[in-house]
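Just below is one structure, and these are the notes that go with it.
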Amino acid sequence: MKRPVRRAFVRVHPAAFLEVWTELLRLSKLQRPSVRLEDLRFEIGSIDVTGPGSTEALLGTLHPYYQSADTQEKHAEVFRSLGGLTNPSSVPPNSILAFSVMDPRLKYPPRPVILPKLNDEDANFALLEMLSTWPADISTPSPNLFDRDARFRATRLPAQKSINRRKAFEKPGAYPTLKSTDPAIPIMLLSSRLTSNSQQGTWTLLAPWKCILPIWYGIVHYPLSSGGNPRFGGVDEMRQIHFEHGMPWFPADYPGTNAGFAWEADERDRRKSEWERRPKGKRIEWGSLDLGSGRKGEIGRGWACDFEQVIGLDPFPDISTATDTTQNTEATPNTEPAKTRVESPLQQLTCKNFTALLSSPAGKAPSSSVIATVRITLIGRGIASPCARIYRLPRASSSSDDASMNSTPPVTTREEWLSLLPQTPGVKPPPNPKAKDAKNIGRIPLNAPVSKRMRLLAESLTQNPPLPYPADKKNDEHPLVPDEEDLIGFVTTGEFNLAEGKGVAIGSVLVAKVTESLRMPGEKRGNEGRLCIKFVRNAAMVGNPQTPTMTNHQIIVLGYNTACRPGSNQQVFTMKAITEDCSADPIPVSPTNWHLPKGTENPIMILPQLCPWSSPCRRKIFTKPLETF
C-alpha cells in the first residue's frame with residue numbers, strides 16, 4: 001500500500017526567505033526518500049486584517065462559492081455565522097477556515113453586512129455557543145489552495161469589461177448572478193495573536209497571487225458599521241502594532257540575524273545622510289560631545305547601533321560608500337550594480353536560552369558577539385529613541401579604588417545611580433469613612449455650592465508653597481555616564497507606548513557583558529541584576545539622561561471673565577498650571593472684572609502664548625465651561 005504524501009506549508013518573512021530556502025534545500029538533498037521543495041512566493045499571497053472591524057470587513061467582501069445551498073462547504077457556513085464577532089482572538093487560537101469564494105468583483109462595491117443587534121441575547125448566545133464548540137474542527141478543510149490546477153483555474157478571472165457588461169443587464173442596484181463559468185477562488189483564513197494575552201487578534205487571508213488585488217479592493221472599500229473604511233497599513237504600521245504589544249519586530253529588532261543587520265545598515269545610511277544634509281551649526285558634532293569627567297566624543301558612530309565598536313571589530317562600511325564607483329566602459333547600459341549581501345558579525349540568542357543563562361550565570365560564558373533582544377521599561381519619565389546607549393550598572397566602588405584616584409575626576413558609582421530609583425512606599429488601606437480622621441481629608445463635598453467649591457479649591461492651592469521659578473537646576477543633575485566598558489547594547493525601537501501610557505523601548509544587549517556583571521564579586525542577585533542605565537542622549541543628549549515631557553501637569557480653572565458671554569467661543573478662562581516642566585513664565589492677572597474666591601490674594605495666573613503645550617490641548621482647555629468642575 002502506497003503511503004500518503006504529506007505536505008508542510010512554511011510561511012516565512014520575505015527578508016529571511018533566502019536563508020531558509022538555502023537551508024531547506026541543503027537538508028532536502030540529504031533525506032531518503034527525497035523531499036521536494038516548491039517556491040510559492042508568486043503563487044500564494046496573503047493579507048493581514050486586524051481590529052474590531054476585521055471580521056465584518058471579511059464577511060462583506062468574501063462570499064462563499066456554491067451553486068445551491070446543499071453544496072455549501074462546512075467551513076463556509078461557520079464563516080458566515082461569525083457576524084457580530086469584534087475580536088478575532090475570541091476564536092480558538094490557530095484556527096483554520098478553508099473554503100472557496102466567488103470573484104469579489106461580482107459583489108463590488110461591497111455593501112454593509114446585516115449584523116445582529118447588541119441587545120439580541122439569542123444571537124449573542126448562539127455566537128458564544130458556536131465559538132465554544134467550533135464545529136470547523138469536525139470537518140476537513142479544503143486543500144484546493146495548495147493544488148496547482150485549482151490555483152490555475154482560480155486565476156483565470158473574467159475581464160473587468162465583461163463583468164461591467166453583466167452588471168449593465170441587471171436591475172439598478174442588483175449584482176450579476178453567478179454562472180457556472182465563474183471560477184471558484186480557494187482561500188484560507190488563519191486566526192492568530194501576537195502573544196497569549198493579546199487583547200486583539202488577527203485574521204490572515206491566504207489566496208492565489210493574482211486574486212489578492214480584487215480581494216484587496218473589496219476590503220479597503222467596505223463601509224464599516226462604525227463609519228469609514230478599513231485603513232491601510234504597511235511595514236511601519238505593522239512594526240508599531242508589535243511595539244504596542246511589547247513584542248520585537250523582525251527584522252529591525254534582531255540585528256544578530258543577516259536580515260536584521262542589513263536593516264540596521266540601511267538605517268545607518270539613512271540617518272547619516274540626514275545628518276550630513278543639516279548645516280554644521282545645526283547638527284550634533286559627535287567628536288566634540290562632552291560625556292563628563294574629561295571624556296570627549298561619542299562612543300562609536302552616533303547615528304548607528306555601533307556593535308562593532310563595542311565588541312572590537314572594524315566598523316562596517318556604509319552602503320553608500322561600499323559600492324564600487326569606478327567606471328566600467330565595457331559594461332552595457334542596462335546592467336544594474338550587484339547588491340552586496342550583508343553578513344551579520346553578531347549572533348542572535350533565543351529568549352529561552354537567554355533566560356537560562358540569566359538563571360545560572362555561573363555556566364559557560366557565551367561568545368562576545370552573542371546578543372539578545374530585551375524589552376526595556378522606563379522607571380522614570382521620558383522616551384528612548386533608536387541608537388540610544390544602554391549601560392549596565394557600574395560595579396560597586398571600593399576604598400582601594402577611591403584611594404587610587406588622585407588627579408582624575410571621580411567615577412560614577414553604583415550607589416549614585418541606585419539612589420535615583422523611586423521609593424515605593426507601603427500601600428495603606430483606605431480610611432474608614434466613619435472614623436474621625438476621615439473628616440480631615442480635605443475632600444470637597446459633592447453637594448457644596450459653586451462658591452464654596454471655589455473657596456475650598458483656592459485654599460488648597462494657597463496652603464502649599466509655590467514652586468520656585470526658574471526651576472533649580474541642581475536637582476536635575478544626574479550622575480556621570482558610565483565608561484565604555486559598561487556599554488552593553490543599543491535601543492533598536494523606542495518611543496511613547498500608548499498601551500502602557502509611558503516610554504517603552506526594545507533593544508539588543510551583549511549577553512557576555514550581562515552575564516559578566518552577574519558574576520562580579522559582591523553582586524546582589526536580586527532586582528539590581530535586571531537594572532540597566534538607559535542614558536537617552538537620543539543621539540547626543542548629555543546632562544539629563546531622560547527627556548523631559550509635559551505629562552505631569554494639572555490645570556485648574558478658578559474663574560472666568562464677566563466681559564465675555566458664557567458659552568461663546570471667545571470665552572477666556574484663568575488658569576494656574578502646577579507642573580515641574582513648564583518653562584513659560586506665568587503672568588499675574590488683575591482681579592478687575594474677575595470672579596475671585598474670597599480670602600485669596602491674586603492667586604490666578606494664565607499662561608502666555610509661548611507655553612510648550614500644543615494648540616489642540618489649549619483649545620480643549622480654554623473652551624471648557626466652569627460649571628463642569
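Everything numeric in this text was worked out from a predicted model, so none of it was measured.
Below 30°, between 30° and 60°, or above 60°: for F42 and W209 the angle between ring planes is above 60°, a perpendicular geometry. Classification of the Y254-F250 ring pair by plane angle, with boundaries at 30° and 60°, yields tilted.
Within the 3.5 Å criterion, the main-chain N or O of P158 finds no donor-acceptor partner in the side chain of S162. A donor-acceptor pair under 3.5 Å links the side-chain atoms of K513 to the main chain of L487, judged by distance alone. Here the side chain of S191 pairs a donor or acceptor atom with the backbone of P92 at under 3.5 angstrom. The closest donor-acceptor contact from the side chain of S95 to the backbone of V91 lies at 3.5 Å or more, if one exists at all. Between the side chain of R105 and the main chain of G218, no donor-acceptor pair closer than 3.5 Å is present. Between the side chain of R80 and the main chain of L59, a donor-acceptor pair closer than 3.5 Å is present. Checking side-chain atoms of N144 against main-chain N and O of P186 turns up no donor-acceptor pair under 3.5 Å.
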Next on the checklist: Working note: R239 + E244, criterion salt bridge (Lys or Arg N to Asp or Glu O under 4.0 Å); need CA distance, chi angles, decisive distance, verdict.
Outcome noted: CA-CA 9 Å; R239 183 179 183 179; E244 294 292 339; over 6 Å; no
Checklist entry - Between S225 and L115, does a side-chain contact (heavy atoms from CB on, under 4.5 Å) hold up when you go through it step by step? => result CA-CA 9 Å; S225 59; L115 301 176; 4.0 Å; yes
Checklist entry - Between D48 and T204, is a side-chain hydrogen bond (donor to acceptor under 3.5 Å, both in side chains) present by the stated rule, with each step listed? => result CA-CA 5 Å; D48 291 339; T204 301; 3.0 Å; yes
Next on the checklist: Evaluate F9 against F146 for ring pair (Phe, Tyr, Trp, His ring centres under 6.0 Å), listing each step before the verdict.
Outcome noted: CA-CA 9 Å; F9 180 72; F146 305 110; 5.2 Å; yes
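Classification of R301 and E308 as a salt-bridged pair holds, one side-chain N sitting under 4.0 Å from a carboxylate O. Between E516 and R392 a salt bridge is recorded (basic side-chain N to carboxylate O distance below 4.0 Å). R166 has a carboxylate O that lies under 4.0 Å from a charged side-chain N of D182, or vice versa, which qualifies the two as a salt bridge. Electrostatic pairing of E500 and R375 counts as a salt bridge here, judged by a charged N lying under 4.0 Å from a carboxylate O. Using a 4.0 Å cut-off between charged side-chain N and carboxylate O, E237 and R231 make no salt bridge. For the pair E274 and R271, the salt-bridge criterion is not met [side-chain N within less than 4.0 Å of a carboxylate O].
Side-chain contact check for Y222 versus L58: every heavy-atom pair is 4.5 Å or farther apart. When side chains are defined from C-beta on, L145 counts as touching P208, because their heavy atoms get closer than 4.5 Å. Residues S46 and L205 are not in side-chain contact: their nearest non-hydrogen atoms beyond the backbone lie 4.5 Å or more apart. No side-chain heavy atom of H221 sits less than 4.5 Å from a side-chain heavy atom of P109. The closest side-chain heavy-atom distance from P230 to L224 is below 4.5 Å. Proximity of V370 to Q348: side-chain heavy atoms (C-beta onward) are nowhere separated by under 4.5 Å. Contact check for W21 versus L37: side-chain heavy atoms found under the 4.5 Å cut-off. E495 has its side chain within reach of F243: a pair of non-hydrogen atoms, C-beta onward, lies under 4.5 Å apart.
In summary, the side chains of W203 and T50 do not present any donor paired with an acceptor at a separation below 3.5 Å, with no hydrogens or angles considered.
For F490 and F307, the ring centers sit closer than 6.0 Å to each other.
The environment of CG in L118 is sparse: at most 12 heavy-atom neighbours from other residues, nucleotides or ligands sit within 6.0 Å. Within a 6.0 Å sphere centred on NZ of K107, other residues, nucleotides and ligands contribute more than 12 heavy atoms.
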